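Order of the sequence lines sets the chain letters (A, B, ...), proteins ahead of strands, with each chain counted from 1. Everything numeric in this text was worked out from a predicted model, so none of it was measured. Note that these values count all heavy atoms, side chains included, but never hydrogens, waters or copies made by symmetry.
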Amino acid sequence: MPENQNTLQAGTPVSSPNPEQRFMPSEIEPRWQARWDADASLYAAEGHDSGKPKYYCLEMLPYPSGQLHMGHVRNYAIGDALARHMWMRGFNVLHPMGWDAFGLPAENAALKNGVPPREWTLGNIVAMKKQMRRMGLSYDWSTEVTTCLPDYYRWNQWFFLKMFEKGLAFRKKSKVNWCPECQTVLANEQVVGGCCWRHEDTVVELRDLTQWFLRITKFADELLDGLDKLEGWPEKVRTMQRNWIGRSEGAHVDFAVDGSSEKITVFTTRVDTIFGATSVQLAPEHAVAKVFALEDDALRGQIEELLEQQKKARETDALGAIEKHGVATGQFAVNPFNGERVPIWVANYILADYGTGAIMSVPAHDERDYEFAQKYGLPLRRVIAPAVTGAEEPVLPYVGEDDAVVIGSGEWSGLGCAAAQEKMAAFAKAKGFGTPTVTYRLKDWGVSRQRYWGTPIPMLYCDQCSPDEPMPVAESELPILLPEQVDITQTNGSPLGRVAEFVNAKCPKCGGKARRETDTMDTFVDSSWYFYRYTDAKNSKAPFDSDKANYWFPIDQYIGGVEHAILHLIYSRFWTKVMRDLGMVKNDEPAERLFTQGMVIKDGAKMSKSKGNVVSPDDMIARYGADATRMYALFAAPPDRDLEWQEEGVAGISRFLGKVYRLTTKYSDVTGAAEAAPTPKGQALLRRLHQTIAKITQDFDGRWHFNTSISSIMILVNEITANEAAMDSGEITSATVREVFRGLILLLAPFAPFFAAEMWDQIGGEGVVFRTAWPLVDEELAREDEIEIPVQVNGKLVNVVKVPADSDEAAVKAAALADEKVMARIEGKTVVKVIVVPGKLVNLVVK
RNA sequence: GCCCGGAUGGUGAAAUCGGCAGACACAGCGGACUUAAAAUCCGCAGACCCUUAUCAGGUCGUGGGGGUUCAAGUCCCCCUCCGGGCACCA
């Protein structure tokens, strides 16, 4: 290579640049990885007395499937860049990782390959941890949490006992979602579009079962109201949770059944329309409907049919699409507001598990009731109208607007709808036939699972004292260990039920024979509080020490996929409130800020085995190195958007790193005697450096558009390349060269850690690059002294003029008018108006 | 049906506050280096038109249509398509 024949200028002695070297990530990365792996303190959080502000940076823990996928790579590349950046900004950073290690795939693998779930899971963890280390992720492994190990899940059991004590964990028989594929019950949150969240094509069935529930509804209002304060969460997630909680204000009103002692309580959000009620509609499973059915065989058959339709619709997620059917019971209800008798019907569009399972039907002012009434010829009665006098009669059904008023409703006529709702509910309450009430869509969290690989529920049933009433296991008995060597090949019932040594226990009360609960907990229990355990992962006396948690919490930044918006993220908020009420933590919410990254796409579709478009991170790392792979994941799109994986792009980043490598190694040793002030070219290069520092600092503080951060680094490097001759000749002093490369490497450190560590070493940087202070912007240096101002004539660009950066309006205007092209353009025309936006542009309006 | 996103060159994207549309890359094309190739470096590159060609010039252009403004990818109104969430929830 005919290189390094740099001519030295007098007075600017520069040592010879080194011969250029080739970038070999396959050599660099393992070398640094070995060093980092050997140093447990490198990424360890400091003590609470470090004097630094704390920063808890958390990425969602993975399920240990055995293979990292690109979604993980993206998630962790974002979190890792942030953690490293915050270290460099002087924070005491907690950056932990763990394993969401219970769950069905382990059982499936056991069935398929004959490997026990525990072995399979722990083996996968080893493999994935190795992949994470190859990625160069900055986790503090001393706080690692593995949810399937007894030292973790015993605290699930402990929490369960606490919740049982407080009445927050309870057992009830109810309709539950059953996935035939998983052979277990699912929580409402785990049913997506009528199908299982793990088996998108498997329709969930409804079964009547006695199951354990956690009383998340107790916190419904707090979970809802708290969303307003979570300003650091994406609006999308907050909206999804609001919808999911589904708070609805209204009233209960009792309708007496004519000629019977029965009464029907309806839930309505529009009690102001009660004078327009022309029937009462019951869900097929409503208790009163059952009473009527007892006396009438024909009716019973019809109701059963309605129930069947409803069940079918629900299971195929066609609820809302099915045709409304109903049957008149022949019975009548009495409207307590006007004493009117209205017929009682049973209809397939009334849900038993929402509200009271009964409604008053107001066909004139409700779309569904209207449709039903039209079909069955039930009467319509208008009881609200627009306030505007002389307005056209509204088309029915008319649900009213803000200004609608009540009509034909006795003493309430003339009131606005909102006022009428309030007053009529209060009236009902005063008279004892109703009350204002709030209904939620949110249901209690069903946590029982008829599966093996999960946390055993620490409850007992004594044949003598409580065959049906559960008794808690004593706290001192914990953990109730999950037995090994369990036959999970049979598919009916909980596998633990077939393990005699597990089931048989002693009753804590009478000392007689007792049975253990054989269901296990939903794995979402594990992930509801794991991030607290990170703060005190080895504690054997408690889930964690409160002081430790209170130091680190709330999480400053949580990063993960949006798919958990109403699963993990609502359960976690609930769990935090429970722990707060137990006095364990002070924070109301687990995470201050939440970031949901976009999906990784290939050929326009989400990567999946079935589509055959999966790109393996291992392949990418082997070919281009971890730095290039990670950096591409950040460069290809802003982190909140979907990212199309293009291997050529990774190659491009690898080329870029190669270029930086060549330049850095070439100039790593340049030295010069007593440096003078930077030369003009050096000044320009330093200006670019400081502009880049400003840009990237701003990106971390703001929008996280790391794609533009990286592009700004590329611009800097392109400018360095353009100045190579000047650096060789000494036209840019060695002091400037050193400053530029030092800055460049620090800026790259959050994005390409192996690379930055190697380059830092090469230039003789002191200490660990990730603990070196993030460079500060020198505003003076960053400022341009000459700027280009576009000049438009009638809004069209004509030319660009150069002016000093501090030019005032008059000077910019003068420069624009003096420009030849501009003059040519406006010749013979009248300048009507001149718009000068200092620092931005000039627009001449001419005629 | 309702609520959120999104649509910009051949591709990924940029334009953060209404001010040069396409930064930075990928793919492509041309050149240098080389016996040759790879690698590397330099250059070109929205579409169309005018021009023999150059130099230059012109028109159009951010999903579509209207509007506000000296100026619109950006603001307002209407519409189309794509992705996501919710949905007989009374």
Side-chain angles (χ1 to χ4, degrees), chain A residues 1-2 20 22 192-193 234-244 246-248 250 266-270 281 283 310 313 317-324 347-351 353-362 366-369 371-372 439-441 562-563 565-566 598-599 601 604 632 635-638 640-653 655-656 658-659 662 695 698-699 702-703 705 707-715 717-718 721-722 724 788-800 832-835 837 839-846:
Chain A
M1 249 175 264
E20 292 179 359
R22 225 177 111 87
V192 180
E235 193 49 52
K236 180 184 170 144
V237 172
R238 295 199 277 169
T239 305
M240 282 167 74
Q241 292 207 359
R242 271 188 205 107
N243 288 340
W244 187 258
R247 182 188 154 101
S248 178
V266 303
F267 173 66
T268 177
T269 55
R270 294 302 301 270
Q281 303 283 342
Q310 197 174 65
D317 196 36
L319 209 65
I322 59 162
E323 203 188 330
K324 292 179 176 51
N348 65 354
Y349 74 99
I350 308 301
L351 306 172
D353 58 359
Y354 183 80
T356 58
I359 64 150
M360 60 179 203
S361 176
V362 184
D366 182 283
E367 268 177 51
R368 296 148 302 177
D369 296 345
E371 189 190 329
F372 190 84
T439 294
Y440 302 89
R441 213 184 82 101
V562 75
E563 64 273 16
I566 47 173
M599 284 191 301
I601 300 281
Y632 173 74
F635 177 69
D640 51 344
R641 269 215 246 167
D642 286 352
L643 179 158
E644 168 78 30
W645 195 270
Q646 286 176 319
E647 190 170 332
E648 300 78 35
V650 190
I653 296 287
R655 259 200 304 274
F656 166 74
K659 189 167 164 182
R662 180 183 70 80
K695 159 80 183 139
Q698 200 182 352
D699 282 336
R703 301 191 306 168
H705 280 203
N707 52 331
T708 63
S709 308
I710 293 169
S711 94
S712 74
I713 298 178
M714 289 171 170
I715 292 169
V717 170
N718 288 345
T721 311
E724 234 182 304
E788 293 190 332
I789 300 287
V791 183
Q792 299 178 335
V793 172
N794 287 340
K796 290 213 164 116
L797 181 70
V798 171
N799 207 2
V800 175
V832 185
K833 197 172 173 185
V834 181
I835 290 130
V837 185
K840 288 282 187 188
L841 105 172
V842 175
N843 189 10
L844 307 171
V845 186
V846 302

Novice: Once the angle between the rings of Y632(A) and W645(A) is folded into 0 to 90°, is it parallel (under 30°), tilted (30 to 60°) or perpendicular (over 60°)?
Specialist: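 Rings of Y632(A) and W645(A): perpendicular, over 60°.
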Novice: Would you mind telling me which of U40(B), C89(B), C42(B) lies closest to the side-chain atoms of R655(A)?
Specialist: U40(B)
Novice: For the side chain of F635(A), counting heavy atoms from C-beta on, which of C88(B), A25(B), A90(B) is nearest?
Specialist: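 So the nucleotide nearest the side chain must be A25(B).
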Novice: Applying the Watson-Crick and G-U wobble criteria at under 3.5 Å, what pairs with A38(B)? Answer none if nothing qualifies.
Specialist: none
Novice: What is the base-pairing partner of G43(B), counting Watson-Crick and G-U wobble geometry with both distances under 3.5 Å?
Specialist: C29(B)
Novice: Quick test: give all pairs of protein nitrogen or oxygen and nucleotides 3-11 of chain B nitrogen or oxygen below 3.5 Å, distance rounded to 0.1 Å.
Specialist:
from, atom 1, to, atom 2, distance (Å)
U11(B), O2', Q646(A), NE2, 3.1

Novice: Which nucleotide in the list A71(B), C20(B), A13(B) gets nearest to the side chain of N843(A)?
Specialist: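 Within the option list, the nearest is A71(B).
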Novice: In this structure, which one of D366(A), D369(A), T268(A) forms a side chain to side chain contact (heavy atoms under 4.5 Å, CB included) with I359(A)?
Specialist: D369(A)
Novice: With a 3.5 angstrom cut-off on both distances, give the Watson-Crick or G-U wobble partner of G1(B), or none if there isn't one.
Specialist: C86(B)
Novice: Within the 4.0 Å heavy-atom criterion, would you say N718(A) contacts the bases, only the backbone, or no part of the nucleic acid?
Specialist: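 Sugar-phosphate only.
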Novice: Find the partner of C24(B): check Watson-Crick (N1-N3 plus N6-O4 or O6-N4) and G-U wobble (N1-O2, O6-N3) distances, both under 3.5 Å, and reply none if neither fits.
Specialist: G12(B)
Novice: With no angle test and no hydrogens, is the base of U16(B) tied to the side chain of K695(A) by a donor-acceptor pair under 3.5 Å?
Specialist: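 Donor-acceptor pair under 3.5 Å: yes.
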Novice: Taking NZ, NE, NH1 and NH2 as the nitrogens, is one of them in D699(A) or R703(A) under 4.0 Å from a carboxylate oxygen of the other?
Specialist: no
